[in-house]
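Structure first, commentary second.
In the text below, chain A, chain B and the rest are named by the order of the sequence lines, each starting its count at 1.
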Protein chains: 4
Amino acid sequence: MSPRSDQQNEVLRTESRARIIAAALRLFGSQGYEATSVRAIAEAAGVAQGLMYRHFSGKEALLQAIFAQSIADVRESFAIAAAGRPDQSPVERIVRTALALVQERRDFWRLSYGVRMQASVLRALGGALPDWTAEIRATLEQALRASGSAQPTVDAALLFASIDGVAQHYVLDPKGYPLQAVTEALVARFK
Amino acid sequence: MSPRSDQQNEVLRTESRARIIAAALRLFGSQGYEATSVRAIAEAAGVAQGLMYRHFSGKEALLQAIFAQSIADVRESFAIAAAGRPDQSPVERIVRTALALVQERRDFWRLSYGVRMQASVLRALGGALPDWTAEIRATLEQALRASGSAQPTVDAALLFASIDGVAQHYVLDPKGYPLQAVTEALVARFK
Amino acid sequence: MSPRSDQQNEVLRTESRARIIAAALRLFGSQGYEATSVRAIAEAAGVAQGLMYRHFSGKEALLQAIFAQSIADVRESFAIAAAGRPDQSPVERIVRTALALVQERRDFWRLSYGVRMQASVLRALGGALPDWTAEIRATLEQALRASGSAQPTVDAALLFASIDGVAQHYVLDPKGYPLQAVTEALVARFK
Amino acid sequence: MSPRSDQQNEVLRTESRARIIAAALRLFGSQGYEATSVRAIAEAAGVAQGLMYRHFSGKEALLQAIFAQSIADVRESFAIAAAGRPDQSPVERIVRTALALVQERRDFWRLSYGVRMQASVLRALGGALPDWTAEIRATLEQALRASGSAQPTVDAALLFASIDGVAQHYVLDPKGYPLQAVTEALVARFK
DNA sequence: GATGAATGAGATTTCATTCAT
DNA sequence: TATGAATGAAATCTCATTCAT
């Protein structure tokens, strides 16, 4: 009864959505959220401007969707990667995995670092970013406690900040930054 | 035509300029550069919108002026503060001074962290931010070399990232963040 | 290619058309023509957006179709209802029948009153509305002449305006308006 | 201290505002509220599009301002005109004054009749229109009671509807409508 | 030196309409 | 016949900037 089958429609929709998200992530990451226009996203995605609004209720909703998906992706990748190295200590595994993921998903991290100081944008994200941050801090604290840290809460705050700082400096200048060497140095200091 | 003396005019001008910069720094820091309108800055500064254009050629030039002045201020404060503690090692002095300055100039740091991922904004700043970054890194490297670090370049990159990360986490949640304890932990690990 | 007979197709077509007209009339009447989107009509009718374009060449043509059909319906109902009361004078019959029909077809009257001040919409209707209006006025004039009115043209204009005004006030607040009493008062004054 | 004096600014603002309101009233009246774009209003007023937003928070607020001002104007004109004819009965004065005002302010009445069936637009007006309507009805009722009407409430409803209907038919075709004659006929029937 | 009314380019968003199936 | 994803023109609105005084 339907002219295009439901399956065909599903494929079309999914592909459009993915293209829009990919283009938006790229542009948001490189130019910033506010500096990226919906028109630019549509052009980069190769679709009409209006199409975005059939997938997302607006620019903010698109940002939310990107965060929701990226956070889910990163969490999953993290779980898989971290589980694979039983020879490393928990702290070492976390550090190495986190910094490897930053390499893989540079655009998302740029975006994330770019929006986290902007009240208006953060508001649009609801509590997604703070919640995630708290979760990471808790994981680090647990790992440090297991490693015999005397003050795991403070050490977790410091380690988290260090990872975050390294990630950010790397993302600002991926080609010039000695990520491997810095990773080793960081692991060495927190082992 | 003007009944005011040149000197009086000069004072007025300087005061207006300072008020505009202060208002802009506050708003840029809390809302982000793009999300802050010139109108909002003028209102917060208690001047007319047009006045900004008699002091700066545009919004971008205002941002540049803020950076130029803030960087100069921070550099000066840094020199003074660091010189005052001959009892501490160079590395310790830098860490403590840097994190103390972050507390003093939260708005500037928020702004700085907020724009550094935005290509368009960075472009407006010319090389000011990268240059400054390089300078800090070099200072750290020198201090670490003096402390006998085996690989001062890598250690400087790590220490810089750690300070930056701590500063950023603090700035994101000044009330909740245990800055003192984290500062001590950081000093301890790099002494 | 189609397994359905021509007759079945014809039934489907007629049903779709009727549902679209009904939904459009309801929405146009309650929200206004411009404020009603084609998408909303399709949703209310339970069909796909594109289907409207297989029945009508566009939104304007749909409006024309609604008017054409509604005018025909009202005319027919009017003829039947008016013919049935030989005990009443022609003027009384017209007044009572008209106000009874307004109750029956509130949505159409709302729509009609809503669009009649809008040049662009009127243009789309061609001369349908003015023609109909002239026809009603002529009928009233004839009835008033039969009733012995001294100036049937002017009296027809006044009576028409009064009926129209009552109808409109009723349609604006169907529950609160004392339509019966006002109808009696109107009949009394023009008998 | 101010470059243009406050008075000059006041004049500029007031003139712009008046031009925008006049242009909007004209276009809303002839094309309808929804069919009139802000761009068209600005062009007709001879100002830039953005200027409207420095006087009104949006298109809806402009509509509200037009209604507020027009209702105030009409109320005032009404009071003056009605007071001037002690030789006429209250009912006669009201009818004659109302229909004279419709001639004077055709655009406003067209607009008023055009929006009163549109839920979305009415909502924007808050209760202004219903409140005004109720006020008129009450005035009519009082006048009819003074004239010795047996059922003043119903008679007021009928008279109001008749005036409204005549006004609307006149406004739809000002040149062809025999307003004077119909006014006389209406006065005669309700005296 | 300072003001704020005015401008107009460009942003986000809506929606009538098309078209492959 | 019917579907609904996709289009793109046009709408409302924002905001950096200009300019007369």
Problem - Pairing nucleotide - dA20(F), Watson-Crick or G-U, each distance under 3.5 Å - result: dT3(E)

Practice task
Can you tell me the pairing partner of dG8(F) across any strand shown, Watson-Crick or G-U wobble, with both distances under 3.5 angstrom?
Solution key: dC15(E)

Just how far, in rounded Å, is [atom2] of [N] from [atom1] of [X]?
| X | N | atom1 | atom2 | value |
| --- | --- | --- | --- | --- |
| Gln49(C) | dC15(E) | CD | C1' | 9 Å |
| Glu10(A) | dT21(E) | CD | P | 18 Å |
| Glu34(A) | dA16(F) | CD | P | 11 Å |
| Leu62(D) | dT12(F) | CG | C1' | 13 Å |
| Ile20(C) | dT17(E) | CD1 | C1' | 14 Å |
| Met52(C) | dC15(E) | CE | P | 15 Å |
| Glu43(D) | dA11(F) | CD | C1' | 14 Å |
| Gln7(B) | dG1(E) | CD | P | 15 Å |

Problem - Value rounded to 0.5 Å, distance of CD1 in Ile21(B) from CE in Met52(B) - result: 11.0 Å

Handout entry: Spacing of Ser112(A) atom OG and Leu129(A) atom CG [to the nearest 0.5 Å]
Key = 5.0 Å

NA contact type, [X], heavy-atom cut-off 4.0 Å: base, sugar-phosphate, or nothing?
| X | answer |
| --- | --- |
| Val38(C) | base |
| Thr36(C) | sugar-phosphate |
| Leu12(D) | sugar-phosphate |
| Thr14(C) | nothing |

Practice task
Could you tell me whether the side chain of Thr36(C) and the main chain of Leu27(C) form a donor-acceptor pair under 3.5 Å?
Solution key: yes

Problem - Gln118(A) backbone acceptor or donor facing Gln31(B) side chain under 3.5 Å - result: no

State whether [X] places a side-chain N or O below 4.0 Å from either non-bridging phosphate oxygen (OP1 or OP2) of [N].
| X | N | result |
| --- | --- | --- |
| His55(C) | dA2(F) | yes |
| Ser16(C) | dT1(F) | no |
| Arg54(A) | dA5(F) | yes |
| Tyr53(D) | dC13(F) | yes |
| Arg13(D) | dA5(E) | yes |

Exercise for the section: Identify the residue among Ile41(C), Leu63(C), Leu111(C) that makes a side chain to side chain contact (heavy atoms under 4.5 Å, CB included) with Leu25(C). Expected result: Leu111(C)

Exercise for the section: Between Glu60(A) and Ala48(B), name the one whose nearest nucleotide on DNA chain E is closer to the 5' end. Expected result: Ala48(B)

Practice task
Using the six-membered ring of Phe28(C), assess whether NZ or CZ of Lys59(C) lies under 6.0 Å from its centre and within 45 degrees of the ring axis.
Solution key: no

Nucleotide of [options] approaching [X] most closely (side-chain heavy atoms):
| X | options | value |
| --- | --- | --- |
| Leu51(C) | dA2(F), dT21(F), dT7(E) | dA2(F) |
| Val47(C) | dT7(E), dT3(F), dT12(F) | dT3(F) |
| Lys59(B) | dT17(F), dA2(E), dT3(F) | dT17(F) |
| Ser37(D) | dT21(F), dA5(F), dA11(F) | dA11(F) |

Practice task
For Arg39(A) and for Ser57(D), locate the closest nucleotide of DNA chain F by heavy-atom distance; then report the residue assigned to the nucleotide nearer the 5' terminus.
Solution key: Arg39(A)

Exercise for the section: Between Gly50(B) and Gly46(C), just flag the one whose closest nucleotide in DNA chain F comes earlier from the 5' side. Expected result: Gly46(C)

